[in-house]
Amino acid sequence: MFLLNDASCNVLLPSASGASVRPNNSSQPTSNLSSSRPKRTRKRRANFPMEKLMEQFLEQSAQAEESFYRMEEQRLQAEDRRREAEHARELHMLQMLGQMFSNISSASHGSAAAPSRTAPPARVPSTVEHRSAAFERYYSFGSSAHRGMGDDFLSLVKSIVPPLSSKKHKGQDGRIGIIGGCQEYTGAPYFAAISALKVGADLSHVFCTRDAATVIKSYSPELIVHPVLDSPNAVEEIEKWLPRLHGLVVGPGLGREDSLLKTAKEVIEKSKARDIPIVIDADGLWLVSQQPSVIQGYQKGILTPNFMEFTRLYEALHHEPMDSSDHQRSAMQLSVAMGNLTVVLKGEQDVITDGNKVISCSVEGSGRRCGGQGDLLSGSMGVLAHWAYTSSTGMVKSVNPAMVAAFGACSLTRQCNSQAFHRHGRSTTTSDMIQEIGSAFKKLFES
Ligand SMILES: NC(=O)C1=CN([C@@H]2O[C@H](COP(=O)(O)OP(=O)(O)OC[C@H]3O[C@@H](n4cnc5c(N)ncnc54)[C@H](OP(=O)(O)O)[C@@H]3O)[C@@H](O)[C@H]2O)[C@@H](O)CC1
Ligand SMILES: Nc1ncnc2c1ncn2[C@@H]1O[C@H](COP(=O)(O)OP(=O)(O)OP(=O)(O)O)[C@@H](O)[C@H]1O
């Protein structure tokens with residue numbers, strides 16, 4: 001905005017910040033416009049007709065405008081340079097982190113750093129070996145100790161979140177399948193499937209028994225529900241969909257009926273052949289404790305046991321009771337015995353390990369332990385595993401995509417628990433936590 005003050009002829013120019021400022025008289029030939037010397041001004045006014053004065057004023061205005069835009073241009077260029085430098089610094093930091101992890105993995109476990117899809121189960125290290133190894137490779141997030149490393153893992157999770165874009169079509173950010181849902185348990189598969197959607201999958205399929213299907217559909221129109229799990233040709237019916245699925249969660253609300261477990265087992269085999277990331281939870285873990293070979297050595301498999309489920313698995317693999325005083329060590333031992341599968345032992349702290357590294361997630365949750373929180377966790381992990389394995393950033397692959405996905409899902413579940421508890425206190429339910437997924441995700445991974 002340019003103002004000509006009638007009485008004094010003072011000129012007001014816009015500053016870069018938008019506020020009007022007076023021009024610097026020392027650098028501009030504006031003495032004829034000054035109001036501080038009335039006599040001289042009057043005399044000059046007599047010599048210069050009004051048009052000449054206007055002409056001069058317009059010329060000065062144009063110069064001022066030009067200099068303003070030049071300064072603005074310089075300011076924007078400096079801002080661009082600052083952003084580019086910041087981006088390069090972030091990228092460099094993540095590459096170094098990736099390099100560091102791959103060094104740790106190759107130094108400690110040779111082939112485990114670049115595992116084959118179905119590696120044979122590795123040797124279980126001795127107690128002494130394990131204690132020092134776990135110490136060296138133990139990182140914690142949420143407590144004040146090792147916060148730097150936790151923050152780095154958080155950066156890795158942030159880096160796998162795909163950008164939202166109008167160029168994408170429905171399905172590109174993930175189609176997730178849940179194998180579970182029977183007459184007794186309809187809530188668990190619903191929680192897992194809706195959580196996958198709310199984290200950011202585009203489509204969520206539930207493969208459940210016939211009598212559970214209508215119930216699950218009635219909870220939400222967002223879910224695609226297939227009433228096939230107890231049909232005679234269940235495996236073929238589900239197999240038809242596998243080429244379209246990016247992630248599978250097996251177990252929430254599956255139940256333990258032999259025929260359903262047999263179907264789940266065959267679906268796991270078919271999904272492995274297609275290289276689909278598979279999260280196994282709840283009754284899926286019951287199946288694994290009966291037949292570990294169903295998933296043993298599959299590097300894209302993640303097990304998410306609670307303490308009870310963990311004990312069952314550990315004893316099935318090691319044929320002896322576990323040492324419950326050292327969760328990190330026991331979790332590493334189970335992972336190694338399962339062929340370096342990623343294991344998430346849920347609890348007061350979530351312990352996440354692939355047998356080489358151990359991370360602990362202790363993001364503050366709450367004291368509320370309503371049923372279904374584990375389903376929120378496994379559904380979210382299904383999506384994050386797909387994003388981690390298909391991430392184009394590269395550095396996630398030098399860590400272990402399954403560990404990054406597991407860490408992301410644990411942090412998110414605990415953050416949802418904390419936020420829901422702040423609103424609802426003791427009456428918090430898993431549905432309240434699911435309502436918090438959007439804001440918890442934004443807070444953790446998009447800020
Ligand atoms: N709304 C729904 O539809 C829901 C359905 N769900 C579905 O239910 C199915 C069975 O799953 P599950 O977890 O109840 O079976 P299981 O592992 O045998 O545990 C049974 C017993 O283990 C114990 N226990 C548990 N945790 C423990 C711990 N941390 N530390 C120590 N002990 C612990 C505890 O024993 P208690 O305290 O009673 O002695 C508990 O009663 C499965 O399909 C699942 O998806 C759930 O997802 C919830 C929402
Ligand atoms: N003692 C705890 N303190 C804080 N958070 C916890 C605690 N126990 C579990 N959690 C959180 O709750 C999540 C679900 O764990 P939980 O042990 O409830 O699973 P679950 O028993 O398999 O659940 P579900 O009821 O779905 O079967 C964990 O990832 C963890 O983040």
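This chain uses plain numbering: 1 for the first residue, then up along the sequence. Counting starts at 1 for both ligands and their atoms, following the listed order.
In the vicinity of Phe307, heavy-atom distances shorter than 4.0 Å reach the ligand 1 atoms 28 (C), 29 (N), 30 (N). Interface of Pro252 with ligand 1, defined as ligand atoms under 4.0 Å from a residue heavy atom, comprises 45 (O). Heavy-atom contacts of Ala282 reach the following atoms of ligand 1: 42 (C), 44 (C), 45 (O) (cutoff under 4.0 Å). Residue-ligand proximity, Glu309 to ligand 1, at heavy-atom distances under 4.0 Å covers atoms 17 (O). Residue Gly371 approaches ligand 2 through these ligand atoms, each under 4.0 Å from one of its heavy atoms: 25 (O). Of all atoms in ligand 1, listed by their number and element, those nearer than 4.0 Å to a heavy atom of Arg256 are 15 (O), 16 (P), 17 (O), 18 (O). Contact atoms of ligand 2 toward Arg414: 4 (C), 5 (N), 30 (C), 31 (O) (distance under 4.0 Å to a heavy atom of the residue). Under a 4.0 Å criterion applied to the non-hydrogen atoms of Glu348, ligand 2 contributes the atoms 1 (N), 2 (C), 3 (N), 7 (C).
There is a protein heavy atom closer than 4.0 angstrom to atom 26 (N) of ligand 1. Of the protein's heavy atoms, none falls inside 4.0 Å of atom 37 (O) of ligand 1.
Lys272 has a carboxylate O that lies under 4.0 Å from a charged side-chain N of Glu269, or vice versa, which qualifies the two as a salt bridge. For Arg329 and Asp323, the salt-bridge test passes: some basic side-chain N is under 4.0 Å from an acidic carboxylate O. At a threshold of 4.0 Å, the pair Asp202-Lys168 does not count as salt-bridged, since none of the basic side-chain nitrogens sits closer than that to a carboxylate oxygen.
Contacts between Asp375 and ligand 2, counted as non-hydrogen atom pairs separated by less than 4.0 Å, involve both the backbone and the side chain. Here Gln373 has no heavy atoms under 4.0 Å from ligand 1, in either its backbone or its side chain. Using a 4.0 Å cut-off between heavy atoms, Leu254 contacts ligand 1 through its backbone alone, with no side-chain atom that close. Residue contacts with ligand 1 for Glu184 are absent, since no atom lies close enough (heavy atoms, distance under 4.0 Å).
Scanning the protein for heavy atoms near atom 17 (O) of ligand 2, the closest one is Asn306 CB, 3.7 Å. With respect to atom 22 (O) of ligand 2, the closest heavy atom belonging to the protein is Lys346 NZ, 2.6 Å. What sits closest to atom 29 (O) of ligand 2 on the protein, heavy atoms only, is Asp350 OD2, 3.3 Å. Among all protein heavy atoms, the one lying closest to atom 18 (O) of ligand 2 is Gln373 CB, 4.3 Å. In terms of protein heavy-atom proximity, atom 5 (N) of ligand 2 is closest to Arg369 NH2, 3.3 Å. From the protein, the heavy atom lying nearest to atom 26 (O) of ligand 2 is Gly374 N, 3.0 Å.
Among the atoms of Met308, none of the N or O lies under 3.5 angstrom from an N or O of ligand 1. Taking only nitrogen or oxygen atoms, main chain and side chain alike, Leu377 does not reach within less than 3.5 Å of ligand 2. Considering backbone and side-chain atoms alike, Gly187 places an N or O below 3.5 Å from some N or O of ligand 1. For Gly253, a nitrogen or oxygen atom sits less than 3.5 Å from a nitrogen or oxygen atom of ligand 1, counting backbone and side chain alike. At under 3.5 Å, not a single nitrogen or oxygen of Cys410, backbone or side chain, sits near a nitrogen or oxygen of ligand 2.
Of all the listed residues (Gly365, Gly347, Gly372, Cys370), Gly372 holds the heavy atom that lies closest to atom 24 (P) of ligand 2. Nearest-heavy-atom check against atom 13 (C) of ligand 2 across Leu412, Val344, Thr413 picks out Thr413.
Aromatic ring centroids of His327 and Phe307 lie under 6.0 Å apart.
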